[in-house]
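Start at 1 and go down the list; that is how both ligands and their atoms are numbered. Side-chain atoms are counted along with the backbone in the values below, which use heavy atoms only and exclude waters and symmetry mates. Position 1 is the first residue of the sequence, and the numbers go up from there.
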Amino acid sequence: MDKERLIFAPSTKQYTRATLSRLALNPDPVEQFHGWFDEAKTQNVSLYESCTLSTAQLPSGRVSSRVVLFKELDKKGFIIYSNWGTSKKSKDIKSNPHAALNFFWRELERQVRIEGRTEFVTPEESQAYFSTRPRDSQIGAWSSPQSSVLGSREELDGLVEASAEKFKDVETIPCPPFWGGLRVIPYEIEFWQGRPSRVHDRFTYTRESEDAAWTLSRIAP
Ligand SMILES: Cc1cc2nc3c(=O)[nH]c(=O)nc-3n(C[C@H](O)[C@H](O)[C@H](O)COP(=O)(O)O)c2cc1C
């Protein structure tokens, strides 16, 4: 096999499950998202609540992405939870508040792309979610200097043991001050439905500001 250049044969997969039309779409993209998310959930799409969060650091412009779990959708936007002390995404967001989320529901042949500005949720909101997490995950959040270089696995295990010891007599573990929710407040949301021969259906909702009405456009695949 030629290791210098890897070339794949064209995929023969055809997307045939569904179609998407303007008439079928809700005028409100958040309602539309709820509908598709519920379908992903009820149709047992694998890891339906996982999505890719992309961020970009300024001034370098370097882009990074990672999978996170989508946890809440409120009137303002889409919320994910993470470490905002040491992580790479934290450095990106602190220099550039814009971010994107991407959901791919393979079994439904659907993709949703969300772009928006971000804001941190309040400490009370983060605490409310943190309190629902299993105790071991709470201890894990306290222990891990996310994305920092570690000398060894033992070092990490030691950090976890130290947190477990610190909280051993504490009934309700508080949310770490460096951990919590990030809300992506959308200014663009695209719904993609795969169609045969790569002639897919794509619709994008855009708005100029958070109080403005959404404009819906069909866009080319
Ligand atoms: C299925 C899956 C779910 C994940 N969920 C989260 C999450 O909700 N929050 C989080 O911070 N990291 C989550 N991660 C880990 C991230 O992908 C990533 O490794 C971590 O957040 C550090 O990213 P960063 O260095 O770019 O900041 C998840 C990974 C996978 C594969």
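Side-chain atoms of Leu73 and Ile79, non-hydrogen and from C-beta on, never get closer than 4.5 Å to each other.
In this structure, Trp192 has its ring center under 6.0 Å from that of Tyr15. Ring centroid separation for the pair Phe191 and Phe33 does not come in under the 6.0 Å cut-off.
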**OP:** Test Phe167 against Trp142 for ring-ring contact (aromatic ring centres under 6.0 Å, His included), laying out the working first.
**Re:** CA-CA 10 Å; Phe167 292 114; Trp142 271 102; 5.2 Å; yes
**OP:** Evaluate the criterion salt bridge (charged side-chain N to carboxylate O under 4.0 Å, His left out) for residue pair Asp92 and Lys88; output intermediate values, then yes/no.
**Re:** CA-CA 6 Å; Asp92 289 0; Lys88 177 179 272 193; over 6 Å; no
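Partners of Ser90 under the side chain to side chain donor-acceptor pair (under 3.5 Å) rule, at least two apart in sequence or in another chain, are Lys94.
Residues lining ligand 1 at a heavy-atom distance below 4.0 Å are given as Arg66, Val67, Val68, Leu69, Tyr81, Ser82, Ser87, Lys88, Lys89, Gln146, Ser147, ordered by chain and residue number.
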